[in-house]
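First comes the structure, then the notes that go with it.
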Amino acid sequence: MRAAVCPEYGSPEVVRLEVLPAPPIASGQVRVQVGAAAVNFPDVLLVADQYQITVPVPFIPGSEFAGVVTEVAGDTDGFAVGDRVTGTGLFGAFAEQVCVATAGLARIPDGVDDRTAAAFGVAHRTAYHTLRSVARTRPGDDVIVLGAGGGVGLAAVQLATALGARVTAVASSNEKLSTAVQYGAVSLVNHTRGDLRAALREALPDGAHAVLDPVGGDLSEPALRALRRGGRFVTIGYASGTIPRIPLNLVLVKGIEILGFQFQDIDPDEFARNEAELRELLAGGTVRPHIGAVYPLTETTAALREVASGKAVGKVVLDLRTPSADRSTPARP
């Protein structure tokens, strides 16, 4: 099989295409013929050995895939050959085949293609669990989304809108903000064009109920200051590469909460509810991921480079059935 391999740690340029033996399958696993794989920022960090977990080299990057089951071994919880599935893991997705335990799999709803299924999982699940169970978003809430042009940020714009919130999108380019409008954002702030704190005060004179922050860095404190009393600031990640330092007196003076998101911290009953609601939104066509660029497996380095640059709009996807690059974007909602 063909696979993108990281033979040594470094920039995306170290990743190369290799022909490898098909991976062995163990009891309780299924073999999936991968149709598409999403490229995420942690993939870039793992290749550079800058993630909180180190994967020994050589390894196949990629944490999110969609495809069809071609083989099962032992008890596979009802998954069978021919099932269309999506899955996540720490690595291994940038290959024509993966063998995985069924615990990390979900069936793809009818009418959803592989590209959409691969791009939907991590970003939309992160955004939805954050909105529902951490930020406690309700209809009519004002929600600030930082990094609103990225995978998680754009998913948060779309899903917060679906929950009835009013979204203020903060991003680094007019292109990203234009895309955020198409997914429901009602206020737009380009943080490269001036003082973010002043812009947010103008957009939200009464303050926001919640801030979702997958970026960190210099954006976090001004956004936190834009919260109304009793608001919630949720830190999701640090795509800027910088972990912010927050003056704790702001928490005292404003009576706000600073919270972190991790899947394992969600109450099990809420987790099941959120997953069911999100699957219904996908199956019914209410939400779809924005796929900003599609690359073939042969251009994995270029795909990783686009994500690493911070210029990607929405999700970047590898299509393992596509022989040449396709930079087109699907129809807007």
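Just so it is clear, the model here is predicted, and its values are computed rather than measured.
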Are the side chain of Thr300 and the backbone of Leu297 linked by a donor-acceptor contact shorter than 3.5 Å?
-> yes

Arg107/Asp83 ion pair, N-O < 4.0 Å = yes

Non-hydrogen side-chain atoms of Ser173 and Thr192 separated by less than 4.5 Å | no

Please determine, by modelled atom types, if Ser11 and Glu13 share a side-chain donor-acceptor pair under 3.5 angstrom.
-> yes

Roughly how far, to the nearest 0.5 Å, is the OG1 atom of Thr76 from the CD atom of Glu71?
-> 11.0 Å

More than 12 non-hydrogen atoms from neighbouring residues, nucleotides or ligands closer than 6.0 Å to CZ on Arg138, yes or no?
-> no

Show your reasoning for whether side chain to side chain contact (heavy atoms under 4.5 Å, CB included) applies to Leu146 and His191.
-> CA-CA 9 Å; Leu146 303 182; His191 66 79; over 6 Å; no

Is the closest side-chain heavy-atom distance between Val39 and Val317 below 4.5 Å?
-> no

Distance in Å, Leu196 CG paired with Arg225 CZ, rounded so as to fall on 0.5 Å steps | 11.5 Å

Under 3.5 Å, is there a donor-acceptor pair between the Tyr295 and Glu306 side chains?
-> yes

Note: Pro109 and Ala283 closest approach over all heavy atoms is CB-CB, 3.9 Å

Taking all non-hydrogen atoms of both residues into account, name the closest pair between Ala66 and Ile108 and its distance.
-> CB-CD1, 4.0 Å

Would you give the length of the straight line joining atom CG of Asp49 to atom OG1 of Thr54, rounded to the nearest 0.5 angstrom?
-> 4.0 Å

Could you go step by step and tell me if Glu221 and Arg245 meet the salt bridge (charged side-chain N to carboxylate O under 4.0 Å, His left out) rule?
-> CA-CA 8 Å; Glu221 185 179 329; Arg245 296 177 180 271; over 6 Å; no

Side chains of Leu282 and Arg288 in contact at under 4.5 Å (non-hydrogen atoms) | yes

Is there a donor-acceptor contact under 3.5 Å from the side chain of Arg232 to the main chain of Val134?
-> yes

Side-chain donor or acceptor of Asn174 paired with backbone N/O of Lys176 under 3.5 Å = no

Distance-only donor-acceptor check, side chains Gln182 and His290, under 3.5 Å | no

Regarding His129 and Glu275, is there a side-chain donor-to-acceptor distance under 3.5 Å anywhere?
-> yes

Any donor-acceptor N/O pair, Thr126 side chain to Val122 backbone, under 3.5 Å | yes

When rounded to the nearest 0.5 Å, the distance separating CG of Leu90 from CG of Leu46 is 5.0 Å

Donor-acceptor contact present, side-chain Thr116 to main-chain Val112, <3.5 Å | no

With no hydrogens and no angle check, is any side-chain donor or acceptor of Asn274 less than 3.5 Å from a backbone partner on Phe271?
-> no

Student check: side-chain heavy atoms of Val145 and Val170 closer than 4.5 Å | no

Scan Thr242, Asp213, Thr235 and name whichever one has a side chain to side chain donor-acceptor pair (under 3.5 Å) with Ser220.
-> Asp213

Is the number of heavy atoms from other residues, nucleotides or ligands under 6.0 Å of Glu18 CD greater than 12?
-> yes

Enclosure of Arg193 CZ (heavy-atom neighbours >12, cutoff 6.0 Å) | no

When hydrophobic residues are tied together by side-chain contacts of less than 4.5 Å, even through go-betweens, does Tyr238 share a cluster with Tyr51?
-> no

Which heavy atom in Ala169 sits nearest to a heavy atom in Ala185, and how many Å separate them?
-> CB-CB, 3.8 Å

When you measure from the side chain of Thr102 to the backbone N and O of Leu105, does any donor-acceptor pair fall under 3.5 Å?
-> no

Check the pair Glu257 / Arg136 against salt bridge (charged side-chain N to carboxylate O under 4.0 Å, His left out), numbers first and verdict last.
-> CA-CA 12 Å; Glu257 296 180 75; Arg136 303 289 183 190; over 6 Å; no

Side-chain (Thr137) to main-chain (Leu131) donor-acceptor, under 3.5 angstrom = yes

How far apart are the closest heavy atoms of Pro222 and Leu200, and which atoms are they?
-> O-CD1, 4.0 Å

Validation row: Val181, Ser178 side chains within 4.5 angstrom (heavy atoms) | no

Single-linkage hydrophobic cluster, 4.5 Å side-chain cutoff, Phe65 and Val68 together | no

Leu188 with Val167, same ILVMFWY side-chain cluster at under 4.5 Å = no

More than 12 foreign heavy atoms under 6.0 Å from CG of Asp110: is that the case here?
-> no

Counting only heavy atoms not in Phe91, do more than 12 fall under 6.0 Å of its CZ?
-> no

Minimum-distance pair of heavy atoms, taken over all atoms of Ala135 and Leu212 = CB-CD1, 4.1 Å

Are there more than 12 heavy atoms of other residues, nucleotides or ligands under 6.0 Å from atom NZ of Lys254?
-> yes

Measure the shortest side-chain to side-chain distance between Leu45 and Gln52 over non-hydrogen atoms and say whether it is less than 4.5 angstrom.
-> no

Indicate the atoms forming the closest heavy-atom contact of Ala3 with Leu20, along with that distance.
-> CB-CD1, 4.0 Å

Do Leu259 and Phe233 touch side chain to side chain, with heavy atoms closer than 4.5 Å?
-> no

Tell me, yes or no, whether the heavy-atom count around Asp218 atom CG, taken from other residues, nucleotides or ligands under 6.0 Å, exceeds 12.
-> no

Please step through side chain to side chain contact (heavy atoms under 4.5 Å, CB included) for the pair Arg132 and Glu277, ending with a clear verdict.
-> CA-CA 10 Å; Arg132 284 288 269 139; Glu277 291 176 351; 3.0 Å; yes

Neighbour count above 12 (heavy atom, 6.0 Å) for Glu202 CD = no

Donor-acceptor contact present, side-chain Thr301 to main-chain Pro12, <3.5 Å | yes

With no hydrogens and no angle check, do the side chains of Thr88 and Glu64 hold a donor and an acceptor under 3.5 Å apart?
-> no

Roughly how far apart are Ser187 OG and Ile144 CD1, rounded to 0.5 Å?
-> 9.5 Å

Under 4.5 Å between side-chain heavy atoms, hopping through other hydrophobics if needed: is there a path connecting Ile236 to Leu278?
-> yes

Are Leu227 and Phe261 linked, directly or through other ILVMFWY residues, by side chains that come within less than 4.5 angstrom of each other?
-> no

If we only count heavy atoms from C-beta on, is the Arg31 to Gln97 side-chain gap below 4.5 Å?
-> yes

Determine, step by step, whether Arg115 and Val294 satisfy the side chain to side chain contact (heavy atoms under 4.5 Å, CB included) criterion, reporting the C-alpha distance in whole Å, the side-chain angles of both residues, the deciding distance to 0.1 Å, and the verdict.
-> CA-CA 9 Å; Arg115 290 182 182 183; Val294 179; 3.6 Å; yes

Measure from NZ or CZ of Arg279 to the centre of the six-membered ring of Phe120, then state whether that distance is under 6.0 Å and the direction lies within 45° of the axis.
-> no

Supply the atom-to-atom distance Thr130 OG1 to Tyr128 OH, rounded to the nearest 0.5 angstrom.
-> 12.0 Å

Is there a donor-acceptor pair under 3.5 Å between the side chain of Asp141 and the backbone N or O of Val143?
-> no

